[in-house]
Amino acid sequence: MSVSTVSKDQFKQFVEALIRSDQRVVGVQQRNDRFVFDDLATADALRLDYDVTILSPRKYILPQKEPLLQFAAGESYTPVHEGAPMVLLGVHPYDMASINQMDQLFSQDEYDSHYMNRRQHITVIACDVVTPSENVFAASMGTATVEKGYDMLLTDIGDAYVVQAATDKGKALTNLMPQARPASEADLDKCRAVQEQNQQKLNQHVLECKPSYLPKLLEKNYEHPVWEEKARLCYSCGSCNQVCPTCYCFDVQDEVNWDLKSGTRYRAWDGCLLEDFATVAGDHNFRKNRSDRFRHRLYRKGKYVPGKIDGQIACVGCGRCITACTSNIANPVDVYNQLMKRTDIG
Amino acid sequence: MSKPRVAIFDFACCEGCQLQIVNIEEEIIDLVGAVDVVEWREAMSEQSHEYDIAIIEGSITRPEDEHRVQIIRTRAKILIALGACATIGGVNKMKNNFDLNEVKRCVYGQDAGMPHLATTTTRAVHEVVDVDYKIHGCPIEGEEFKRIIRDLLLGKTPFVPNYPVCVECKERENVCRYEYNEICLGPIIRAGCGAPCPTAQWRCFGCRGLVDNPNVDAAQEVMEQYNLTLDDLKQKMVLFNSK
Amino acid sequence: MCECCVSNEKDIYLPQPATITKRRMLNGTELFLHLELDGGKELEYMPGQFVEVSLAGIGEAPISISSSPTQKGLELVIRNVGTLTRAIHKLQVGDKLGVRGPYGSTYPVEQAKGKDLVFICGGIGLVPQRSFIRYVLDHRDSYGKVTVLIGTKCFEMRLFREELAMWEERRDMRVMETIDEAHDCWSGNVGVVTTLIPKIEKDLPGSLVSICGPPVMYKFVLMALAEVDVPQDSTFVNLERKMKCGVGKCGHCQINQYYVCQEGPVFRYSDLAHVPEAI
Amino acid sequence: MSKNININVHHVTRIEGHGNIVVNVTDGTIEKCQWQVPEAPRFFEAMVRGRRYDDIQTIVSRICGICSISHSLVATRAVEDALKLEVSEQTDRVRHLLHFSELLQSHVLHVGYLVAPDLFGEKSVVPLIPKATDAVKTIIKAHRVANQMSAILGGRITHPVTLRPGGMTRLPTEEQLRAIKSELEAIVPDLVTICEVVLSVADQLPNFTRETEYVSLTQTHPRYMESLNAYSFYHGDITSTDCNGDGPVPPSRWERVANEYVSPQSTAKWTKWHRDSYAACALARFNNQAEKISPLGKKVAGMFGLEKGCCNPYMNSVAQLAECAHVVETSLEFIDTLLSKGIEPETVNVTPRAGRGHAAIEAPRGILFHSYEFDKNGECVWGNCCIPTNQNHANIQHDFEKLVPEFMDEGEDALRQKMEMLVRSYDPCVSCSTHYLDIEFIK
Ligand SMILES: Cc1cc2nc3c(=O)[nH]c(=O)nc-3n(C[C@H](O)[C@H](O)[C@H](O)COP(=O)(O)OP(=O)(O)OC[C@H]3O[C@@H](n4cnc5c(N)ncnc54)[C@H](O)[C@@H]3O)c2cc1C
Ligand code: SF4
Ligand code: SF4
Ligand code: SF4
């Protein structure tokens with residue numbers, strides 16, 4: 001790994017150069033009183049001091065609506081692989097962790113070439129958190145900092161960034177940063193200090209157990225009053241699914257053109273909290289009650305998905321669902337802590 | 001196979017939903033290529049009693065309209081309710097919150113008794129005749145209209161969301177109105193519109209009607225969390241979702 | 001669109017065209033199809049697996065394979081319940097369908113060798129079981145006693161009537177049928193499928209039991225089996241869930257830690273007995 | 001020569017809403033000649049009672065889908081008048097642009113889709129598609145651009161969601177304004193093409209005149225007296241071709257202008273001012289402010305020989321074409337002004353208060369009035385609207401009375417065709433017009 005330092009002015013020039021390059025550049029920007037990932041028009045618009053974005057960068061990696069196939073009359077199908085080169089600028093460590101999880105889920109077992117192709121065309125420039133958001137609890141989940149997945153990692157050390165280029169793609173980008181100098185020991189110290197601080201600071205909600213304990217905790221609590229207590233207020237609105245960086249369930253639909261023969265098969269985000277998520281023909285719903293669906297989400301985060309990805313918990317502590325839930329019931333920490341309280345740990 | 005014949009009829013409404021059909025712009029040409037529009041008073045002079053698909057816009061508010069829509073039902077193989085006035089009664093149903101005679105007096109004064117001003121309780125189309133499909137919204141969403149028509153032509157049951165507007169609102173990366181302690185009907189209203197109202201930084205007005213199974217029991221407690229009351233919510237529901 | 005690094009991996013969502021070579025209604029709602037993949041290819045599958053059947057513009061649905069890999073071509077039985085299945089019912093011999101798969105787990109054909117087998121089928125549950133049954137009949141010497149219990153809602157809904165008649169003729173297997181509601185043309189058993197279980201009670205504990213039917217059926221059949229002490233690890237169930245991708249990505253079919261499309265649809269009951277939501 | 005004529009058009013087609021024409025001529029004597037409006041009444045003015053001040057424009061927008069933006073705008077302004085709210089110049093300009101988008105959309109729709117088939121001798125625009133594909137596509141394109149402009153500024157095409165008393169819920173970004181600008185610039189040549197197409201069949205417009213009173217807004221807002229916007233659609237007072245020296249009437253006194261009365265022929269009320277009837281339409285605006293129309297607007301009027309003082313109601317469609325050109329030019333000027341200042345974020349703070357307010361606006365088809373009264377909590381206690389089509393009903397009836405004897409000799413079919421075309425030329429919005437209020441509200 002090559003580690004260097006650039007001043008903030010020089011970094012701005014780097015971003016300008018990136019924007020001028022032939023890649024699409026998406027970065028964090030302010031929209032009204034919040035932040036979002038969006039196409040970057042100028043370096044000035046980039047806000048690496050943001051707290052959290054409304055939607056996670058998932059919207060670029062697994063888009064809300066993505067064509068899979070094009071079809072024509074006579075059952076003839078052509079795969080659609082979208083993947084124009086893109087730089088994602090300003091991904092926080094917890095979001096990086098969620099991308100790492102999705103990378104594993106979409107490549108293991110059956111290899112999803114649509115996801116992987118798009119992913120391979122994306123260069124991720126991550127950045128350590130400067131401003132903790134009001135609901136972040138990444139520290140509890142072990143995702144306040146992240147070691148892998150990014151092509152480049154930036155750490156704000158005041159008047160400069162420490163830049164770690166982790167991959168060939170990342171190193172290639174440093175060519176656009178001619179003024180960068182090798183990071184000094186002092187810079188590296190500052191960088192480590194920021195990261196250590198974040199491991200304490202990004203903890204607005206404190207999970208009262210180690211994340212690795214969650215699968216076990218859940219195993220014992222399928223029947224527990226908290227599910228009904230919380231879900232009573234659930235609108236089944238799926239906001240918690242939509243904003244979550246680790247939710248990746250999708251629906252598949254066909255859309256035809258006016259010739260009624262040709263068209264597109266696409267996938268689109270779905271959410272396990274939505275009423276019809278598990279409904280099959282004949283209106284049989286395998287998770288009919290709000291509490292069934294509410295529980296399913298927290299099990300999926302804390303037990304099921306971890307079972308598929310070597311125990312990694314599929315909640316990275318971004319806190320987005322806490323903010324998004326109108327009924328104020330979606331907070332995973334709150335639920336897990338309640339389970340802790342009423343479970344004999346043994 | 002001959003092209004299906006489509007007739008478009010309007011009852012009490014603003015005709016804005018028909019306008020959305022015109023507003024599919026260039027694709028109107030594709031539409032008239034795929035179906036035979038045999039009657040559409042707002043756009044053409046032909047009239048016909050022979051049609052396969054009847055599209056009904058507007059609410060039923062007068063005895064003679066009830067009769068007319070019943071005749072249309074007997075002639076049509078498929079009957080589609082188009083837009084909030086037809087699917088849920090829409091703004092027209094606000095009238096039902098008042099005494100009918102009083103409403104008439106309010107609007108027509110001493111002339112209220114004139115026979116051509118007769119009016120009855122406003123009803124959505126399915127409250128009068130069987131409706132096969134509903135295209136929701138005030139006004140309808142052009143993209144959804146096109147998709148539903150193509151699906152029907154293909155013999156497919158059109159997909160109509162049974163999840164709340166919040167799904168699409170989040171998809172558009174809006175900040176929830178409740179975060180500003182403002183009311184929004186999104187959590188209980190059927191999606192499909194793409195959430196234009198919250199995207200314009202206003203509330204969901206509820207024009208697509210309730211989802212199949214809205215959590216109305218949660219409302220009171222949730223309103224209290226935001227220093228709002230159930231009455232505030234009801235005030236907003238009345239606009240498009242009066243009884 | 002970029003092709004530079006579209007990997008050589010196959011596209012998991014890409015259906016292969018297949019042509020309908022035979023079609024026949026088995027009753028008022030179930031359509032039997034015999035398909036051949038275009039280009040003379042054969043699908044390599046084992047009993048219990050399913051395919052995603054696709055019609056361009058309409059959509060896809062998981063459908064169990066009803067034929068046995070010991071025969072040529074692919075046989076499916078499709079119940080007309082909704083959009084896609086309705087459209088499939090309109091297809092004729094010579095028309096095309098898209099097929100991808102096979103997916104999912106298989107019946108324990110190897111483990112079952114030498115064992116007595118009991119098949120309990122409710123309604124359309126006969127369809128995937130038929131694959132296993134035919135496989136067994138084509139390797140008859142490798143298996144012990146074969147008993148097939150079939151319950152159908154009403155006389156008109158009975159599936160594969162001629163084939164059942166042939167099975168009944170055979171000396172090397174036992175077929176018992178029942179229908180829920182009495183009918184003038186029916187002289188056999190009347191009652192739900194569990195009413196047949198006492199009749200084979202003594203054979204059950206030593207047999208490998210395979211169950212497939214509508215969601216409500218499982219609970220009652222499993223209770224009846226528990227009463228006669230059929231071990232859970234020699235009981236197999238075939239589950240249905242909503243599925244969108246068939247390849248363990250879309251999340252719809254998940255029941256607890258299992259993806260029905262990958263770990264299922266055939267499960268050993270002992271793996272599920274303590275899994276909430278499964279049965 | 002036919003002595004007996006029996007016309008009974010039950011629901012004139014290609015207009016918005018339901019209207020009937022009934023003519024009976026026996027042995028050359030006109031026994032009946034009527035314009036009837038049987039549209040189902042919808043009682044909006046009763047329904048707004050009890051609603052909060054910021055819900056009014058959302059409700060009354062549904063009076064009419066074709067001119068929903070005008071209804072929303074005029075209602076918002078009437079509410080602002082009642083609550084004594086001022087909006088910024090920026091908001092004022094953005095709202096103007098929103099209004100222009102509807103004027104353009106509605107005029108293109110009317111001339112291109114509803115009137116043109118008459119001129120080409122077709123029953124609808126559908127048969128014109130194969131015959132004149134390019135012309136139809138040009139019309140569609142102009143229509144689409146206008147709609148895109150509404151969608152950006154109003155949050156969607158019909159029934160805008162960005163208007164709220166005191167300001168806008170959301171302002172357009174500069175990038176969006178630049179996008180609108182380039183689209184508008186691109187359709188200027190298309191508008192000329194559309195005018196040329198209409199000009200090629202303009203001889204099909206009947207030669208008929210009847211002197212009448214023309215009522216419209218006249219610009220009085222100091223900011224716009226000198227600009228292109230001096231030709232007013234939005235601000236100003238009420239004037240008419242009969243106002244000889246007696247100055248314009250402020251919107252607060254519109255009831256003195258409209259003088260509504262109930263006619264047994266109609267579920268919509270009729271109006272009259274200085275004489276038995278008046279017209280409110282594009283031609284009325286043109287007749288009152290022709291000298292202020294934009295250069296391209298002047299050019300279009302010139303192409304068709306349209307001049308101030310024209311009393312041929314069929315020429316309303318030509319006045320609409322001239323206004324299309326004007327609206328595009330004025331929009332471009334407005335966008336430049338907005339861009340040169342840059343879009344500034346605004347906040348809206350409203351304290352409800354009791355009061356009554358009024359506003360007038362030029363909807364695409366003529367002048368439109370709204371009034372509302374609120375209690376101290378900001379709840380509506382009274383409302384009253386008067387729609388342009390209302391104001392035209394009596395005038396249509398009087399046109400009929402002159403037209404029938406003049407063209408009776410051409411036979412039933414020709415007469416029916418001319419009568420239908422006459423109705424259409426007013427671009428009536430009948431469903432709107434059945435939503436008037438009585439002046440007395442009994443609580
Ligand atoms: C492993 C497996 C094997 C199956 N084998 C057979 C079989 O051999 N024969 C047969 O007739 N049916 C079988 N089914 C059920 C069949 O998949 C559904 O009946 C079918 O999807 C209905 O599709 P539709 O579009 O006609 O129905 P619609 O009611 O129009 O479908 C509505 C939506 O729900 C989804 N959906 C509804 N029911 C199911 C379901 N059970 N599973 C997955 N998605 C569903 C559809 O994809 C669609 O999007 C099987 C299901 C599974 C999971
Ligand atoms: S569950 Fe909530 S906190 Fe956890 S990753 Fe998802 S949105 Fe973030
Ligand atoms: S965001 Fe909250 S209310 Fe909405 S589905 Fe999730 S838990 Fe339920
Ligand atoms: S603004 Fe309305 S629609 Fe959007 S998330 Fe909030 S409640 Fe749902």
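Convention: sequence-line order gives letters A, B, ...; per-chain numbering from 1.
In this structure, no portion of N285(A) lies under 4.5 Å from any heavy atom of chain C. Neither the backbone nor the side chain of Y115(A) comes within less than 4.5 Å of any heavy atom in chain C. Contact annotation for N257(A): neither backbone nor side-chain heavy atoms come within less than 4.5 Å of a heavy atom of chain C. At a 4.5 Å heavy-atom cutoff, the contact between Y77(A) and chain C is made by backbone and side-chain atoms alike. For L105(A), the part sitting under 4.5 Å from any heavy atom of chain C is the backbone (N, CA, C, O) and nothing else. Within the 4.5 angstrom heavy-atom criterion, no atom of C253(C) approaches chain A. Looking at E219(A), neither its backbone nor its side chain comes within 4.5 Å of chain C, counting heavy atoms on both sides. Using a 4.5 Å cut-off between heavy atoms, L55(C) contacts chain A through both its backbone and its side chain. Both the backbone and the side chain of Q254(C) come within less than 4.5 Å of a heavy atom of chain A. With a 4.5 Å cut-off on non-hydrogen atoms, Y258(C) does not touch chain A at all.
Between chain C and the options E255(A), Q253(A), R287(A), K303(A), the largest number of non-hydrogen pairs under 4.5 Å is found for R287(A). In terms of heavy-atom pairs under 4.5 angstrom with chain A, the leader among I255(C), L97(C), T83(C) is L97(C). Annotation: maximal heavy-atom pairing with chain A below 4.5 Å, among T85(C), L14(C), V81(C), occurs at L14(C). Residue with the most contacts toward chain A among P215(C), A56(C), G251(C): A56(C) (heavy-atom pairs, distance under 4.5 Å). Of the listed residues (G98(C), G82(C), G59(C)), the greatest number of heavy-atom pairs within a distance under 4.5 Å of chain A belongs to G59(C). With chain A as the partner, the residue from K242(C), H252(C), K244(C) showing the most heavy-atom pairs under 4.5 Å is H252(C). Listed options E240(C), E60(C), R79(C), R241(C) were ranked by heavy-atom pairs under 4.5 angstrom with chain A; first place goes to R241(C). Contact count against chain C (heavy-atom pairs under 4.5 Å) is highest for R300(A) among H296(A), R300(A), R267(A).
Shortest non-hydrogen contact noted between S210(C) and Y107(C) is OG-CE2, 3.1 Å.
A donor and an acceptor atom, one from each side chain of Y45(C) and T106(C), are nowhere located under 3.5 Å apart. Side-chain N/O atoms of N27(C) and E30(C) include a donor and acceptor closer than 3.5 Å. In this model, no donor atom of one side chain and acceptor atom of the other lie less than 3.5 Å apart for S113(A) and Y13(C). Inspection of the S236(A) and R293(A) side chains reveals an N or O donor paired with an N or O acceptor under 3.5 Å. Under 3.5 Å, the side chains of H284(A) and T279(A) contain no donor-acceptor pair of N or O atoms. In this structure, a donor-acceptor pair under 3.5 Å is absent between the side chains of D254(A) and T264(A). Side-chain contact of D310(A) with Q104(A): a donor-acceptor pair under 3.5 Å is present, judged by distance alone. No side-chain donor-acceptor contact under 3.5 Å links N80(C) and T29(C).
Between Y304(A) and Y299(A), the ring planes are tilted. Angles from 30° to 60° get that label.
Using a distance-only test at 3.5 Å, with no hydrogens or angles considered, no donor-acceptor pair links the side chain of K72(C) to the main chain of E36(C).
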